[in-house]
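Note on naming: letters A, B, ... go to the chains in the order of the sequence lines (proteins, then strands), and numbering restarts at 1 for each one. What you see is a predicted model; the values in this text were computed from it and never measured.
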Amino acid sequence: MIREEVRILRKERLEAFLRDLLRDYRVFAPVRKGELLLLDRIDSATDVALVDGKTKNSAKEALFPQRERIFAYRAEEGKVEVQVAPRTEEKQILFGVRPCDARGLLLLDAVFGGDCPDPYYVDKRAGTLVFGMACVNPSPSCFCLSMGGGPCSADGSDLLLVDLGDRYAVEAASVRGRAFLQEGPFENAGVEELAQAEEIGKEAASSMDPASIGEALEKRLERPVDDLLWAGLTESCLGCGVCTYLCPTCHCFDICDEAASTTGERIRIWDSCQFPLFTREASGYDPRPSGKERFRQRIMHKFSYLPKGRNMTGCVGCGRCVTECPVNLDIREVLKKISQAEAR
Amino acid sequence: MENPYVPFLMKIEEIITETEDEKIKTFVLSFAREEDKERFAYIPGQFAEISVFGKGEAPFGMASTPTVPERLEFSVSKIGVVTGALHNMEKGDTVGVRGPLGNGYCLEAFRGRNLLLVGGGFGFSTLRSLTNYILHERNRKTFGDLTVVYGARRPGLLLYRRDLEAWGQRTDLRLHLTVDQKEEGDEWQGRVGLVPNVIRSLAPGPGNTVAVVCGPPAMMRFTLPVLRDLGFGDENILLSLEKRMKCGIGKCGRCNVGSKYVCSDGPVFSQAELARL
Ligand SMILES: Cc1cc2nc3c(=O)[nH]c(=O)nc-3n(C[C@H](O)[C@H](O)[C@H](O)COP(=O)(O)OP(=O)(O)OC[C@H]3O[C@@H](n4cnc5c(N)ncnc54)[C@H](O)[C@@H]3O)c2cc1C
Ligand code: SF4
Ligand code: SF4
Ligand code: FES
């Protein structure tokens, strides 16, 4: 932690702080919906549920919603009119985002930004501040540390909050975050509070497996992995795609039209490389004909293609795909077996 | 910054049924606005996403040549929702166009070299674009020898009859047409045989030559070893990949192959590049 840029927010001031934010921003935060903890837009500061663990959905939803309109159109008697919503920068804050999700946004930034920026994403992103929440108690499914992050990593956050019991240490992690810390209900941090935050970070990390996964795996994937190994690893996969929908970095989407008689809209909607029709061609030929090839694509894209093409790994170790897979296919086990397997 | 997902509108000026089975039609489109025409500066080998509003959009290679920029043509094989809807459209109807997309052929690298174009199916549309570009009086002498090998299953499935006839009259282009099979009653006088076999028997020399292949996956697969046998190096064999696509701009992940996206890094790749994926 960079000590100069840490200030303190007392918990009794949190509600008022959020209320202030709600005046100027759309605010997304963890909320309880029945049994679920979800990152969702809040209307009231009291909706926020700051509890251990991460939201079922990832932070990508706030910037890359599951379903999003690209434009509307009207088509009558051969004449077509396309209506595109004017571009506006939404001011929004993602509050209480876990460090894994915040890092995931960096990958989405690379994909949706670049030479040909995606206006729907970058417009939202430009006005978005990410207030991360460090993990004091990482869960057994978390492996952010192995993926180059960590339970107190500030990568991708503008501010990172660390829970000190009755108060938060708030670290500025970007220029915009720093500006934010100058005003508002923040107090200067004392030496003890800084030490406490540091200690919490160390302790949280010490509860996790420190073994790094990314680089060695990328190297390993440069050599072929036996087809039989893929088959064995992925035998139980149902191809349901839950792992990709909940993943903070998965970003495949479909584009389609929803039409009424003369009006309609073009939308984009999440898709998944795990679905059987994803690459099926008209001749019946499918370059990824079975679950084995599709699972392989998911692993290769995250751990070989993205590192090669964008110099980033497509996994931040959030563990969602580990906990939510209906057949308990644990990606860590898969990666371990691949790393250990001899090349053909 | 422009919105790369929003098509501009074009009017269908003409619809040409290309094949006897009526499965492939060429749509001739005109720009509604001058500025769209200027923005749509393309090179052969690129493609565009065509919208049929209410049905969706699909990618098609440009069949026309940029030397006639006001006339944009696409040859569409009817296989599904969007292509089916296009086939039902009429002269005067409006479609959306988004592009140009993809890398296209590196024309600068072709200058001064001999070209062997090998095509089949609707993939020949792209080679028609390239051929007409090269044949343009301003361009012809900047390229070397031009050989075109084009195959269809039956004579009645050959596209662009009018172009083929004109090309056949020329002395600055060697045109080799072939059909997989000839049926009784066909007036076909030309070759019978699969494209890879025709190339083997023509045995074009690889010297200072680029082979440009665009066609059905099977044709490309069987042509490749023949070209290699003839001495073509992998860096001088160009292939157009035709993966399924959605966004066309390297975002949606559909066309991913290795660390590349066929839509934005391709669709034209050298065999040398493909071997590295
Ligand atoms: C770069 C590029 C250039 C192309 N150029 C042409 C062209 O000049 N002329 C032409 O007729 N077609 C071309 N295609 C193929 C064309 O895009 C597809 O046939 C079209 O998308 C099908 O749309 P649809 O809505 O009619 O089919 P859908 O209803 O979506 O699907 C019907 C069937 O076609 C399959 N399919 C969808 N897209 C493709 C694809 N890209 N390749 C193989 N199978 C597919 C589907 O899986 C399904 O089985 C090109 C494709 C690419 C990627
Ligand atoms: S969640 Fe599990 S079963 Fe579903 S596609 Fe992913 S790995 Fe397969
Ligand atoms: S692959 Fe699994 S563990 Fe990695 S970021 Fe995606 S959901 Fe999280
Ligand atoms: S078509 Fe979307 S990434 Fe290529």
Side-chain angles (χ1 to χ4, degrees), chain A residues 64 70-71 73-75 77-85 87 111-112 114-123 244 250-266 268 271-273 277-283 285-287 297 300-301 304-310, chain B residues 1-12 32 49 51-58 77-83 85 89-96 98 101 121 216-218 241-261 263-265 276-277:
Chain A
F64 171 49
I70 295 178
F71 58 78
Y73 67 86
R74 170 178 289 280
E77 289 158 15
K79 282 193 82 176
V80 178
E81 192 197 332
V82 174
Q83 301 142 354
V84 191
R87 297 184 59 171
V111 171
F112 288 114
D115 297 339
C116 178
D118 179 296
Y120 305 93
Y121 181 89
V122 299
D123 285 357
T244 58
C250 277
H251 52 269
C252 285
F253 61 86
D254 193 3
I255 297 177
C256 50
D257 284 14
E258 285 183 351
S261 63
T262 57
T263 59
E265 29 183 74
R266 176 151 304 160
R268 74 146 148 226
D271 206 337
S272 171
C273 62
L277 294 181
F278 195 70
T279 49
R280 197 30 198 274
E281 295 176 7
S283 58
Y285 170 73
D286 189 339
Q297 167 68 13
M300 292 301 283
H301 194 217
S304 174
Y305 307 156
L306 283 169
K308 249 194 244 160
R310 303 201 189 266
Chain B
M1 180 179 78
E2 246 168 63
N3 187 326
Y5 294 103
V6 177
F8 57 85
L9 303 177
M10 292 191 81
K11 199 167 92 188
I12 300 177
E49 288 276 350
S51 287
V52 179
F53 295 96
K55 299 294 179 189
E57 55 180 4
S77 170
K78 178 176 163 179
I79 60 157
V81 177
V82 174
T83 51
M89 293 185 98
E90 290 169 7
K91 189 177 157 178
D93 284 348
T94 300
V95 295
R98 189 155 80 72
L101 303 168
L241 295 199
E242 185 228 306
K243 291 279 161 213
R244 287 197 68 179
M245 292 180 183
K246 286 291 172 179
C247 71
I249 52 173
K251 312 282 181 208
C252 77
R254 179 81 51 151
C255 68
N256 172 241
V257 180
S259 57
K260 304 278 184 203
Y261 294 89
C263 65
S264 50
D265 297 314
R276 283 195 292 270
L277 288 185

Under 4.5 Å from a heavy atom of chain A, the part of [X] involved:
X      : result
B:V52  : backbone
B:S51  : both
B:C247 : both
B:Y261 : side chain
B:E90  : neither

Legend entry - Among the listed options A:A259, A:A75, A:C252, the residue most often paired with chain B at heavy-atom distances under 4.5 Å: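 If we count pairs closer than 4.5 Å to chain B, A:C252 comes out on top.
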Legend entry - chain B contacts, top residue of A:T263, A:L306, A:D254, A:I70 (heavy-atom pairs, under 4.5 Å):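 It is A:D254.
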For [X], which atoms come within 4.5 Å of any heavy atom of chain B: side chain, backbone, both, or neither?
X      : result
A:V80  : both
A:P307 : neither
A:F71  : side chain
A:F112 : both
A:Q297 : side chain
A:Y121 : neither
A:D271 : side chain
A:V111 : both

Inset, instruction - Determine the option with the most heavy-atom pairs under 4.5 angstrom with chain A, choosing from B:C255, B:G92, B:P7, B:P216. - result: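 So the answer, after comparing B:C255, B:G92, B:P7, B:P216, is B:P7.
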Inset, instruction - Heavy atoms only, distances under 4.5 angstrom: which of B:K260, B:K251, B:K243, B:R244 has the most pairs with chain A? Name it, please. - result: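 Answer, by heavy-atom pair count under 4.5 Å with chain A: B:K251.
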Inset, instruction - Take A:V82 and B:F53 through the test side chain to side chain contact (heavy atoms under 4.5 Å, CB included) and record every step on the way to the result. - result: CA-CA 9 Å; A:V82 174; B:F53 295 96; 3.8 Å; yes
Side-chain contact test, heavy atoms from C-beta onward, threshold under 4.5 Å: evaluate it for [X] versus [Y] and give yes or no.
X      : Y      : result
A:Y305 : B:V257 : no
A:D118 : B:Y5   : yes
A:P119 : B:P4   : yes

Inset, instruction - Tell me, with the steps shown, if A:H301 and B:N256 meet side chain to side chain contact (heavy atoms under 4.5 Å, CB included). - result: CA-CA 8 Å; A:H301 194 217; B:N256 172 241; 3.7 Å; yes
Inset, instruction - For atom NZ of A:K308, decide whether the heavy atoms of other residues, nucleotides or ligands shown that lie under 6.0 angstrom number more than 12. - result: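 Atom NZ in A:K308 is crowded, with more than 12 foreign heavy atoms closer than 6.0 Å.
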Quick check for you: to the nearest 0.5 Å, what is the distance between [X] atom [atom1] and [Y] atom [atom2]?
X      : Y      : atom1 : atom2 : value
A:C256 : B:K246 : SG    : NZ    : 7.0 Å
A:R266 : B:K55  : CZ    : NZ    : 12.5 Å
A:E281 : B:I79  : CD    : CD1   : 9.0 Å
A:Y73  : B:T94  : OH    : OG1   : 13.0 Å

Legend entry - Heavy-atom pair with the smallest gap, counting every atom of A:D257 and B:G54: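 Looks like OD2-N, 2.9 Å.
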Inset, instruction - Look only at the side chain of B:R254 and the backbone of A:F278, and say whether a donor-acceptor pair between them is shorter than 3.5 Å. - result: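 Checked: pair present.
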